[in-house]
Visitor: 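Take this structure first; my questions come after.
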Amino acid sequence: MPRHQREPGLLPRPLAILAGLALVAATVVAVRLLPPASAVATSPPPTPPGSRAAPLGRHTPELSAAVAESPLPAFERPGLVGPGFLGPGFVEYVDTAADSDFDLPAAALRTGVLHYLLGHLVAGGADGCSPAWAGPGGTLMDPGVNEVANRIGRLRALGGDAAPSFGGEGGGEGGADPAARCAEPRALAAAYRRVVGAFDVSAVDFELPAGGESAATAARRARALRVLQRERRLQVSFTAPLTASGLKASCVAALKAARQAGAEVGTVNLLAGLEPRTAPSGRLSRLADAVRLAEAQIARAQATAEQEGAWRHVALTLVLADGSELSEQDARTISAYAVRHGLAWLSLRGAEPDEEAAAVLRGSVP
């Protein structure tokens, strides 16, 4: 082949050399840009197309064998557990009139319970528009002098919180809740606002009277709550007595009034008296039936469109006449029921059960 001729398809020799040098330089740069081996080893695997990455920091607790195997006659109602539910919490109720020395932060450190409901704030003043704490012997105290409530700040430093509760056993149309006596809408909203602002709370509770209340009381409360919820983020719960047939008509009417006024009631806390252990068999089944009836009433009153119903808007407070009424096995059965249905929280009132039963409900014992 002549010296100055090359085969077809071959680059001239100078160009081939330049191309080779460029390839070597590019390889060196690419190697230097690679991450270190440790970074590659700790990188998370890619998420497959169409799937959702697992949320960070979220843990779904498992039921212990004792809870999972506990008898659940009427408590087992498949298909009603809310998706993603991590288990119910426990809210400790404190009657600040009867237990004025209760130490919120000390109790939180001792029991592990971080959330509390403080009762009760009632109507004060000649017109009922001045909220006051119900004190010992029927006395009334200014909202700022309640020593239990004044420890909320120290409780928050531990990661806990507390919500004040209006109303209570002294209710009825005579009026524990300011809404029963404070007829001026702006004054009623100001009464609630005073308490919310004084303790900088993000949640309040209203205990509906067992004897019922008028439609006017329910409407005034509803309109005041709508005003407050437009001003700030405020969770509202209603505490209502549970009967064998569910909620009383006046309690259902209060829920409807709130919805119609544009106020949001996030939770209905059912006060459920527990039958004594000497009662005929099936006492927990009867309790479950009553809760189921109340859940259906709550769903209808709030026009709940959720497929699973209103279960996550239901809390359950057991009211004990005697501590022996609640055994450890009862507590495990009720705790398992709460988990299966996704209840908002559990609580206790009345007599104190034995330490084992209380620990199960509080979640400190699996």
Visitor: Check the pair Leu228 / Val204 against side-chain contact (heavy atoms from CB on, under 4.5 Å), numbers first and verdict last.
Guide: CA-CA 11 Å; Leu228 264 63; Val204 290; over 6 Å; no
Visitor: Would a distance-only check, ignoring hydrogens and angles, find a side-chain to backbone donor-acceptor pair under 3.5 Å from His313 to Thr267?
Guide: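 Side chain of His313 to backbone of Thr267, a donor-acceptor pair under 3.5 Å: no, none is there.
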Visitor: Test your reading of the model: is there a side-chain donor-acceptor pair from Glu295 to the backbone of Ala310, 3.5 Å cut-off?
Guide: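 Checking the backbone N and O of Ala310 against the side chain of Glu295, a donor-acceptor pair under 3.5 Å is found.
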Visitor: Check whether any side-chain N or O of Trp133 sits under 3.5 Å from a backbone N or O of Leu121 as a donor-acceptor pair, and report yes or no.
Guide: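 Pair absent, no side-chain N/O of Trp133 close to backbone of Leu121.
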Visitor: Closer than 3.5 angstrom, by distance alone: can the side chain of Arg286 be matched with the main-chain N or O of Ser281 as a donor-acceptor pair?
Guide: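 Side chain of Arg286 to backbone of Ser281: a pair is present.
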Visitor: Flag the pair Val196 / Glu231 as yes when at least one side-chain heavy-atom distance between them is below 4.5 Å, and no otherwise.
Guide: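 SC-SC contact between Val196 and Glu231 ruled out.
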Visitor: Could you go step by step and tell me if Leu361 and Phe90 meet the side-chain contact (heavy atoms from CB on, under 4.5 Å) rule?
Guide: CA-CA 7 Å; Leu361 288 183; Phe90 185 87; 4.0 Å; yes
Visitor: Taking all atoms of both residues into account, what is the closest heavy-atom pair of Cys129 and Ala191, and its distance?
Guide: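 Shortest heavy-atom separation between Cys129 and Ala191 comes out as O-CB, 3.3 Å.
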Visitor: If you take the centroid of each ring, where Trp contributes its six-membered ring, are Tyr93 and His120 closer together than 6.0 Å?
Guide: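 Yes - the distance between ring centres of His120 and Tyr93 falls below the 6.0 Å cut-off.
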Visitor: Decide, yes or no, whether a salt bridge links Arg220 with Asp177 under the criterion of side-chain N to carboxylate O below 4.0 Å.
Guide: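 Looking at Arg220 and Asp177, the cut-off is not met.
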Visitor: May I ask you to check whether over 12 heavy atoms, not counting those of Glu355, lie within 6.0 Å of atom CD?
Guide: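 Counting neighbours around CD of Glu355, 12 or fewer heavy atoms of other residues, nucleotides or ligands fall under 6.0 Å, so no.
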Visitor: Within a strict 4.5 Å, meaning less than it, do heavy atoms of the Leu255 and Ile298 side chains meet?
Guide: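 Yes, their side chains come closer than 4.5 Å.
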Visitor: Determine whether a donor-acceptor pair (N or O, by modelled atom type, separation under 3.5 Å) exists between the side chain of Arg151 and the backbone of Phe102.
Guide: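 Yes, Arg151 side chain to Phe102 backbone: donor-acceptor pair under 3.5 Å.
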Visitor: Quick one: does Arg223's side chain have a donor or acceptor within less than 3.5 Å of a partner on Ala263's backbone?
Guide: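 No: the side chain of Arg223 does not pair with the backbone of Ala263.
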Visitor: Check for a donor-acceptor pair, side chain of Asn150 on one end and backbone N or O of Asn146 on the other, with a separation under 3.5 Å.
Guide: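 Between the backbone of Asn146 and the side chain of Asn150 there is a qualifying donor-acceptor contact (under 3.5 Å).
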Visitor: Let me confirm one number: the CG-CD distance from Leu117 to Glu207, rounded to the nearest 0.5 Å.
Guide: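 Rounded to the nearest 0.5 Å, the CG-CD separation comes out at 8.0 Å.
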Visitor: Which residues pass the side chain to side chain contact (heavy atoms under 4.5 Å, CB included) test with Ala272, sequence neighbours left out?
Guide: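 Testing Ala272 for side chain to side chain contact (heavy atoms under 4.5 Å, CB included), a comparison that skips the adjacent residues, returns Leu242, Leu287, Leu316.
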Visitor: With ILVMFWY side chains joined below 4.5 Å, transitively, what does Val319's cluster contain besides itself?
Guide: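 Under the 4.5 Å side-chain rule, Val319 groups with Leu271.
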Visitor: Tell me whether Arg232 at atom CZ has more than 12 heavy atoms from other residues, nucleotides or ligands lying less than 6.0 Å away.
Guide: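 Correct, the count exceeds 12.
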Visitor: Please find the pair of heavy atoms, one from Gly128 and one from Pro178, that lie closest to each other, and give the distance.
Guide: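 Taking every non-hydrogen atom into account, O-CB, 3.6 Å.
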Visitor: What's the shortest heavy-atom distance between Ala180 and Thr217, and which atoms?
Guide: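 Looks like CA-OG1, 3.6 Å.
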Visitor: Ignoring hydrogens and geometry beyond distance, is a side-chain donor-acceptor pair present between Asn269 and Thr317 at under 3.5 Å?
Guide: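 Asn269 vs Thr317: donor-acceptor pair found between side chains.
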Visitor: Hey, what do you get for CG (Leu109) to CG (Leu114), rounding to the nearest 0.5 Å?
Guide: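 It is 9.0 Å, given to the nearest 0.5 Å.
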Visitor: Say whether, by atom type as modelled, one donor and one acceptor occur between the side chain of Arg300 and the main chain of Val252 under 3.5 angstrom.
Guide: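 No, because the side chain of Arg300 does not come within donor-acceptor range (under 3.5 Å) of the backbone of Val252.
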Visitor: Hey, does the side chain of Glu184 reach the backbone of Arg186 with a donor-acceptor pair shorter than 3.5 angstrom?
Guide: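 A pair under 3.5 Å: yes.
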Visitor: Using side-chain heavy atoms (C-beta onward) and a distance below 4.5 Å, is Glu325 in contact with Leu318?
Guide: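 They are not in contact (no side-chain heavy atoms under 4.5 Å apart), so the answer is no.
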Visitor: Do you know which two heavy atoms are closest between Gly323 and Ala351, and how far apart they sit?
Guide: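 That would be N-CB, 3.4 Å.
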Visitor: Check the pair Trp311 / Val291 against side-chain contact (heavy atoms from CB on, under 4.5 Å), numbers first and verdict last.
Guide: CA-CA 10 Å; Trp311 287 101; Val291 174; 3.9 Å; yes
Visitor: Within the 4.5 Å heavy-atom criterion, are Ser250 and Leu208 side-chain neighbours or not?
Guide: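 Answer no - side chains too far apart.
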Visitor: Looking only at heavy atoms, what is the nearest atom pair of Gln229 and Val236, with distance?
Guide: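 So the two residues come closest at NE2-CG2, 3.5 Å.
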Visitor: Which atom pair, heavy atoms only, marks the closest approach of Leu348 to Pro353?
Guide: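 Scanning both residues completely, I find the closest heavy atoms to be CD1-CG, 3.8 Å.
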Visitor: Tell me whether Asp330 is salt-bridged to Arg283, with the criterion being a basic N under 4.0 Å from an acidic carboxylate O.
Guide: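 Salt bridge present between Asp330 and Arg283.
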Visitor: Donor-acceptor pair, Glu328 side chain versus Glu356 backbone, under 3.5 Å?
Guide: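 Absent.
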Visitor: When rounded to the nearest 0.5 angstrom, what distance separates CD in Gln297 from CG in Leu247?
Guide: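 With rounding to 0.5 Å, CD (Gln297) is 4.5 Å from CG (Leu247).
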Visitor: Roughly how far, to the nearest 0.5 Å, is CD of Glu275 from CG of Leu284?
Guide: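 Leu284 atom CG to Glu275 atom CD measures 9.0 Å (nearest 0.5 Å).
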Visitor: Is there a path of hydrophobic side-chain contacts, each under 4.5 Å between heavy atoms of I, L, V, M, F, W or Y residues, that connects Val148 with Val145?
Guide: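 They do share one cluster, since a chain of ILVMFWY contacts under 4.5 Å joins Val148 to Val145.
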Visitor: For Phe238, does the six-membered ring have the charged nitrogen or CZ of Arg221 within the cation-pi criterion, i.e. under 6.0 angstrom from the centroid and within 45° of the normal?
Guide: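 Positive - Arg221 is close enough to the ring of Phe238 and near enough to its axis.
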Visitor: Would you list the pairs meeting ring-ring contact (aromatic ring centres under 6.0 Å, His included) in which at least one residue belongs to residues 197-228, sequence neighbours left out?
Guide: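 Residue pairs passing ring-ring contact (aromatic ring centres under 6.0 Å, His included), neighbours aside: Phe166-Phe206, Tyr192-Phe206.
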Visitor: Do Val268 and Val314 make a side-chain contact, defined as non-hydrogen atoms from C-beta onward lying under 4.5 Å apart?
Guide: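 No, side chains not in contact.
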Visitor: For Arg110 and Glu92, run salt bridge (charged side-chain N to carboxylate O under 4.0 Å, His left out): C-alpha distance rounded to whole Å, both residues' side-chain angles, the deciding distance at 0.1 Å, then the answer.
Guide: CA-CA 13 Å; Arg110 184 180 69 255; Glu92 189 84 44; over 6 Å; no
Visitor: Within this structure, what is the CG-CD1 distance for the pair Asp200 and Ile152, rounded to the nearest 0.5 Å?
Guide: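 Reported to 0.5 Å precision, the distance equals 10.0 Å.
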Visitor: If you round to the nearest 0.5 Å, how far is OG of Ser202 from CD of Gln235?
Guide: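 Between atom CD of Gln235 and atom OG of Ser202 there are 5.5 Å.
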